2 protein chains.
Amino acid sequence: MERPEAYPITYGVLGLLAFCGPMTGYDLKRMFDHILSPMWGATQSQIYKELKRMQELGWVEMQREEQESRPDRKIYSMTEAGREALAHWQTQPPTFFQLRDELLLKLLFGSFGSPEALLANIREGIRFHEQRLLAHRQNASLIPPANQPHQPSGRPDPYAAPAEPDIYFRLITRFAIALEKTYLNWLQEAQETIEQEQED
Amino acid sequence: MERPEAYPITYGVLGLLAFCGPMTGYDLKRMFDHILSPMWGATQSQIYKELKRMQELGWVEMQREEQESRPDRKIYSMTEAGREALAHWQTQPPTFFQLRDELLLKLLFGSFGSPEALLANIREGIRFHEQRLLAHRQNASLIPPANQPHQPSGRPDPYAAPAEPDIYFRLITRFAIALEKTYLNWLQEAQETIEQEQED
DNA sequence: TGTCGCATGTAACCCGTTACATGATTTC
DNA sequence: GAAATCATGTAACGGGTTACATGCGACA
């Protein structure tokens with residue numbers, strides 16, 4: 001079997017370019033963290049790697065915008081071949097699903113540590129997921145993805161006026177919110193259970 | 001900064017040895033898939049790598065059990081140093097949380113594909129997560145983790161008589177079930193939304 | 001006859017992470 | 001004066017995946 005020419009993260013970056021219009025690698029990272037955080041993670045380096053890969057595949061084009069006293073901005077945009085690759089990928093069944101959560105891992109083996117440490121970690125987890133819930137709720141009302149062509153003078157603005165958000169984006173946001181609520185409810189339950197376990 | 005001596009997956013394997021008692025690498029893989037599937041993934045190779053790592057750290061010991069006409073069974077067990085490492089890890093705050101889900105990724109960029117392909121992927125996702133829900137429900141009633149010493153003649157049996165399952169294991173199972181239910185509910189909602197979108 | 005379970009791994013690859021490097025501008 | 005933002009990356013490392021290799025016994 002040959003190695004695949006592209007991976008889920010490749011299509012994540014490609015899809016963002018399709019979704020939000022041309023952008024720099026730097027902007028892609030910020031968009032990625034906002035929009036794809038419920039289903040994938042990416043570092044800045046990885047995004048630059050994927051851009052290079054897609055340039056070689058002919059899925060994206062780069063256009064240089066000169067700047068003084070700063071590195072030139074390199075604006076990437078999806079090509080026709082990129083659009084075809086994205087559409088073809090859509091027809092294939094997904095193969096990857098995985099949650100990796102160190103808090104759950106520590107909780108599972110809770111009997112080998114102290115309840116105090118566990119409870120501290122749970123409280124921290126509650127704060128963390130409350131932040132995520134808040135972020136997704138703000139996403140829901142603030143980020144309007146639109147297939148606008150690139151505005152040469154400005155950068156993509158995640159806080160632009162809400163134009164009519166894509167139905168798939170709305171669905172994903174609903175999922176993200178539902179997931180965080182489920183997680184938070186369960187954390188609260190776990191906290192109470194462990195506190196009760198302590199009093200005996 | 002130095003590289004860490006161990007990673008979440010290391011503690012996952014170590015915790016399993018603490019939780020279920022001594023086992024072979026082969027058995028660890030099966031246990032991992034049953035018990036840790038809600039919070040981490042592991043391949044067989046990775047488990048062998050972690051066993052090697054932990055042997056060098058002195059966290060586990062290996063005991064060879066000879067067999068005819070099959071490779072010798074190598075039974076790994078946690079050492080006292082391993083128990084200390086597990087306990088110390090419990091006191092540190094968790095740092096990693098990430099969901100990676102190709103189905104969600106395809107759905108987010110659904111507007112660049114056909115609704116038919118999307119719906120097919122969603123139906124497949126429903127089957128997949130129904131399976132997971134079922135597996136967690138069976139886990140809940142069937143797998144009783146106990147800190148039993150290793151029985152030299154037999155292998156760890158996931159279907160042994162239910163002794164009184166660990167409260168943390170019960171909590172995790174409840175989480176896994178709640179997560180799958182949330183996911184399934186949302187998939188159904190997404191399916192209906194996209195079907196309605198088609199009729200216009 | 002062929003696939004599945006048991007049981008050991010190794011080799012190759014690369015995604016993903018961490019750390020490093022540069023440097024002007026703005027904000028505290 | 002320090003830290004954050006903008007904006008580009010590269011280098012090194014290793015976790016994680018896929019594929020390969022071996023070989024017996026049981027079961028369809």
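Computed from a predicted structure; not experimentally measured. Chain letters run A, B, ... following the sequence lines, proteins first, then strands; residues in each count from 1.
Less than 6.0 angstrom separates the ring centroid of B/Phe19 from the ring centroid of A/Phe109.
A/Gly25 approaches A/Tyr48 most closely through the heavy-atom pair CA-CE2, 4.0 Å.
Across the interface with DNA chain D, nearest-nucleotide mapping of B/Thr43 and A/Tyr76 shows A/Tyr76 to be the residue nearer the 5′ end. Both B/Lys52 and A/Pro4 lie close to DNA chain C; mapped to their nearest nucleotides by heavy-atom distance, the more 5′-ward contact belongs to B/Lys52. Between B/Gln44 and A/Asp72, the residue anchored nearer the 5' end of DNA chain D, judged by the nucleotide with its closest heavy atom, is A/Asp72.
Side-chain proximity of B/Ile9 to D/dG9, D/dG16, C/dT17: nearest is D/dG16. Comparing C/dC14, C/dG9, D/dG15 by their closest approach to the side chain of B/Lys49 singles out D/dG15. When each of D/dT17, C/dC6, C/dG16 is scored by its nearest atom to the side-chain atoms of A/Gln98, the top-ranked nucleotide is D/dT17. Nearest to the side-chain atoms of B/Arg73 among the listed nucleotides D/dT17, D/dT8, C/dA7 stands C/dA7.
Across all strands shown, B/Phe32 has no heavy atoms under 4.0 Å from either base or sugar-phosphate atoms. Looking at heavy-atom distances under 4.0 Å, A/Lys74 makes contact with sugar-phosphate atoms alone, never a base. Within 4.0 Å of A/Tyr7, counting heavy atoms only, lie sugar-phosphate atoms of the nucleic acid but no base atom. Note on B/Glu50: nothing from the nucleic acid sits closer than 4.0 angstrom, heavy atoms only. A/Arg53 comes within 4.0 angstrom of the backbone, heavy atoms only, and of no base. In this structure, B/Gly25 reaches the sugar-phosphate backbone alone: every heavy-atom distance under 4.0 Å involves primed, P, OP1 or OP2 atoms, never a base.
Protein atom CD of B/Glu102 is 14 Å distant from nucleotide atom C1' of C/dC15, rounded to whole Å. Per the geometry, CZ belonging to B/Phe97 stands 14 Å off P belonging to C/dT17, to the nearest Å. Between the OH atom of A/Tyr48 and the C1' atom of D/dT10 there is a distance of 12 Å, rounded to whole Å. Protein atom CD of B/Gln46 is 18 Å distant from nucleotide atom P of C/dC13, rounded to whole Å. For the pair B/Met62 CE and C/dT8 C1', the computed distance is 11 Å after rounding to whole Å. Here C/dC13 presents its P atom at 8 Å from CZ of A/Arg3, a figure rounded to the nearest Å. Regarding A/Arg30, its CZ atom lies at a distance of 16 Å from the P atom of D/dA4, rounded to whole Å. Remark: P of C/dA7 and CE of B/Met23 are 13 Å apart, rounded to the nearest angstrom.
Note on A/Arg100: every side-chain N or O is 4.0 Å or more away from OP1 and OP2 of D/dG15. Regarding contacts with the backbone of C/dT8, every side-chain N or O of B/Tyr26 stays at 4.0 angstrom or more from both OP1 and OP2.
Under the 3.5 Å distance criterion, the side-chain polar atoms of B/Gln191 are left unmatched by any main-chain donor or acceptor of B/Leu119.
By the neighbour-count criterion of 12 heavy atoms within 6.0 Å, atom CZ of A/Arg174 is sparsely surrounded, having that number or fewer from other residues, nucleotides or ligands.
Between B/Trp186 and B/Tyr183, the ring planes are perpendicular. Angles over 60° get that label, and only those under 30° would be called parallel.
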**Prompt:** Yes or no on side chain to side chain donor-acceptor pair (under 3.5 Å) for A/Glu50 and A/Gln46, after CA distance, side-chain angles and deciding distance?
**Reply:** CA-CA 6 Å; A/Glu50 297 306 327; A/Gln46 193 66 24; 3.1 Å; yes

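B/Thr24 contributes no side-chain N or O that forms a donor-acceptor pair with the base of C/dT8 under 3.5 Å. Counting atom types as modelled, B/Ser45 pairs a side-chain N or O with a base atom of D/dT18 as donor and acceptor under 3.5 Å.
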